[in-house]
Amino acid sequence: MTHVIRALGRPTLILAHNKTLAAQLYGEMREFLPNNSVEYFVSYYDYYQPEAYVPRSDTYIEKDASINEHIDRMRHSATRALLEREDVVIVASVSCIYGIGAVETYSSMAVSLALEGRVDQRALIRKLIDLQYRRTSQSLERGSFRVRGDVIEIFPAHSEDRAWRISLFGDEIEEIIEFDPLTGAKTDKLVRVRIYPNSHYVTPRPTVRQAIKQVRIELAQRLEEFNAQGQLLEAQRLEQRTLFDLEMMEATGSCAGIENYSRYLTGRNPGEPPPTLFEYLPENALLIVDESHVTVPQLGGMFRGDFKRKSTLAEFGFRLPSCVDNRPLKFEEWDAMRPETIFVSATPGPWELERTGGAFVEQVIRPTGLIDPICVVRPVEQQVDDLIAECKDCAARGLRVLVTTLTKRMAEDLTEYLHEAGVRVRYLHSDIDTIERIEIIRDLRLGAFDVLVGINLLREGLDIPECGLVAILDADKEGFLRSQTSLIQTIGRAARNIDGRVILYADHMTNSLSNALAETERRRSRQQAYNVANGITPESVRKSITDILTGDEAAPHLIGHNLEAHLKDLETRMKAAAADLEFEEAARLRDEIRRLNDKDLELKGARRGGGAGDTGSRGRSSKGAPGTSARKRSKAKGKGKGARRRSAFG
């Protein structure tokens, strides 16, 4: 991908199917393309509970969300780069097909300032407020501005640690300085700057007023329908909620849930595609869909679930029917809107192959000369005992083991059984938080434990060079988790190490199992022939391990909510230090917050050479340990609170 981007020199959007893979790609792209503007665009919610109504139990669930300020800044940086630079590379998750503000409004409302240009100070302040920047007289924060005499200091929405000081002489811009908002130290002199809105959903006041008129018309029509059908409760509910939103929009220009009125705020017709990141892409852009066999089906499934939820809200008077136009792109709309596209996958899906007429470019040769792993099929009987022996053998040689099961319960029970057998083991499945998953994988690589048991997460995008064995339990159970695609992807996890092997436990050969083994052997033969012809000696992949604690042995043991609490404490101390004019201390705390944020997301990282023999590292993950469950299980009747779960393996 990097070679193609460098050769073509076109703005590129790389689409990944989850945040973890997107973060991994972002780090790699920044390393391979240091001179390009590499940006990160994923959902900025740490926690998101969408608004919903359950008619069966008459339960209304209010929208609840927690926004990650770090990712919000990166989203602003990404859209700014798309509008200003040609060498931009955006790494995004599939959330980029959800609606954001229209690019026409976002770019037209931006304020350009140039040295020796003329601007009225009061007019500039009004424009900044229209862009949803907050005026403050205290310390500057991202998305705020401060006025001191003829000087206006602005902390732009896309910036992490740089603000702009605009010095006026009357109506003339005398000087534009870039400075550190914490220490006040000057870092650069600028000739011109462009200030983009502090929200992608910012809307000019005339557009808001026009939208309010249209919402009132739709409200009157909907109330008439409810009253005619005798749905008086729904009519009263809708009227109260909508009028409150309209009053807030008239007073402040915004309201909670303003995205539900996006049809009128963007001037789109009913049913038209919402504005998304794809509208920010220039005409010559390139799209790369990574792990397309997973990403493409995800794109197709997002609209249906969203439409059903919002249709229910509209049916029972919680929202106007126009709320359904605040939605992700339909698959057909995405297909029509996407630029020239490269689909990347070890197991291409039927849709991609159909679009290309079955033609594809096969890349089975690795730069390190590594070949696909040896696959061994063993009987299911005594599979766990055989697995224990293999795990202990790999651990003795300093290698890691990945084990895949069929269910969450089986993964947890197997983890406990292996632990009782003396194996250092953790489990990993979808009930474990995203950041915790990153911590668990990092701890596995560092040697905090030797075996990781999982289900469907041990597949695409998981890059563990220390992995010497992949064990697939019940490989003959035909289904999604043991399909040809799943088996090939899982087998590929052992292809990062020269000693990598795969053991598949099966009593009979299914079509999927036979095809997966045949395809692996075909690739293996081609790779061996290429190595022999070119005199290549295979070598294991060497990849650094990101570690939050690098360089600070006394740093606290931070993951999940502990990290969030620590970051909030650091931020409070940083602001207090800045207010007391202790700029050196404030800058130190600022740098610590940035370091923890970046490394926790795996966006940047100190290089560390931990490898197979690094077994003394202390693990930071708290989930997936033996004897614990990440799932909320109902308590069985007649059992006490501390009743022990019976293992399926003992």
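Numbers here are sequence positions counted from 1. In what follows, every heavy atom counts, from backbone to side chain, and hydrogens, waters and symmetry copies are set aside.
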### Task
Carefully, step by step, assess E178 and T187 under the rule side chain to side chain donor-acceptor pair (under 3.5 Å).
CA-CA 6 Å; E178 182 184 75; T187 57; 3.1 Å; yes
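- Side chain to side chain, S292 and E352 meet the donor-acceptor criterion of an N or O pair below 3.5 Å.
- Using a 4.0 Å cut-off between charged nitrogen and carboxylate oxygen, K63 and E259 count as a salt-bridge pair.
- Using a 4.0 Å cut-off between charged nitrogen and carboxylate oxygen, E272 and R327 do not count as a salt-bridge pair.
- Pairing each heavy atom of N284 with each of R10, the nearest pair is O-NE, 2.7 Å.
- Applying the ring-ring contact (aromatic ring centres under 6.0 Å, His included) test to Y106 and every residue at least two apart in sequence or in another chain returns Y196, H200, Y280.
- Among S345, P350, P348, the single residue meeting the side-chain contact (heavy atoms from CB on, under 4.5 Å) criterion with H293 is S345.
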### Query
Checking side chain to side chain contact (heavy atoms under 4.5 Å, CB included) for the pair R268/D325: CA distance, chi angles, key distance, verdict?
CA-CA 9 Å; R268 310 265 168 144; D325 283 330; over 6 Å; no
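- Shown here are the ring-ring contact (aromatic ring centres under 6.0 Å, His included) partners of F316, two or more places apart in sequence or in another chain: Y53.
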### Worked verdict on Y264 versus V208 for side chain to side chain contact (heavy atoms under 4.5 Å, CB included)
CA-CA 8 Å; Y264 303 115; V208 173; over 6 Å; no
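- The stretch residues 235-261 participates, sequence neighbours left out, in no ring pair (Phe, Tyr, Trp, His ring centres under 6.0 Å) pair at all.
- For S254 and T252, the side-chain atoms include no donor-acceptor pair closer than 3.5 Å.
- Here the closest heavy-atom approach between residue Q132 and residue V202 is recorded as NE2-CA, 4.0 Å.
- Between the side chain of R165 and the backbone N or O of I154, no donor-acceptor pair lies under 3.5 Å.
- Closest non-hydrogen pair, A587 versus T183, comes out as CB-CG2, 3.6 Å.
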### side chain to side chain contact (heavy atoms under 4.5 Å, CB included) assessment of M248 paired with D245
CA-CA 5 Å; M248 289 295 295; D245 287 346; 5.6 Å; no
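- In this structure, R80 pairs ionically with E84, as a charged nitrogen and a carboxylate oxygen lie closer than 4.0 Å.
- Using a cut-off of 4.0 Å between Lys/Arg side-chain N and Asp/Glu carboxylate O, D87 and R85 are scored as salt-bridged.
- D306 and K310 are joined by a salt bridge, as a carboxylate oxygen and a charged side-chain nitrogen come within less than 4.0 angstrom of each other.
- For F32, there are no ring-ring contact (aromatic ring centres under 6.0 Å, His included) partners, not counting sequence neighbours.
- When only modelled atom types and interatomic distance are considered, S112 and R194 share a side-chain donor-acceptor pair under 3.5 Å.
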### Task
Let me see the working for Y40 and Y26 under ring-ring contact (aromatic ring centres under 6.0 Å, His included), right down to the final yes or no.
CA-CA 7 Å; Y40 187 63; Y26 173 73; 5.2 Å; yes
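- Taking both residues in full, the closest heavy atoms of P282 and P11 are given as CG-CG, 3.5 Å, listed atom of the first, atom of the second, then distance.
- Applying the ring pair (Phe, Tyr, Trp, His ring centres under 6.0 Å) definition to pairs two or more places apart or across chains, those involving residues 164-186 are H158-W164.
- Annotation: side chain to side chain donor-acceptor pair (under 3.5 Å) contacts of Y60 (sequence neighbours excluded): E51, R241.
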### Task
Starting from the C-alpha separation in whole Å, work towards a yes-or-no answer on side chain to side chain contact (heavy atoms under 4.5 Å, CB included) for L281 and L82.
CA-CA 7 Å; L281 297 176; L82 278 172; 3.8 Å; yes
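- Of all non-hydrogen atoms in A314 and F226, the two that sit nearest each other are O-CZ, 3.8 Å.
- The minimum heavy-atom distance between S144 and Y133, with the atom names listed, is N-CD2, 3.8 Å.
- A salt bridge does not link K330 to D335: none of the charged nitrogens lies less than 4.0 Å from a carboxylate oxygen.
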### Task
Kindly determine whether F331 and W351 satisfy ring-ring contact (aromatic ring centres under 6.0 Å, His included), including the steps that lead there.
CA-CA 12 Å; F331 186 77; W351 186 85; 5.1 Å; yes
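- Comment: R73 does not engage D161 in a salt bridge, judged by the lack of any side-chain N to carboxylate O separation of less than 4.0 angstrom.
- At a cut-off of 3.5 Å, with distance as the only test, no side-chain donor of E141 or S139 sits close to an acceptor on the other residue.
- Here the side chains of E333 and R338 are not in contact, with every heavy-atom distance at 4.5 Å or above.
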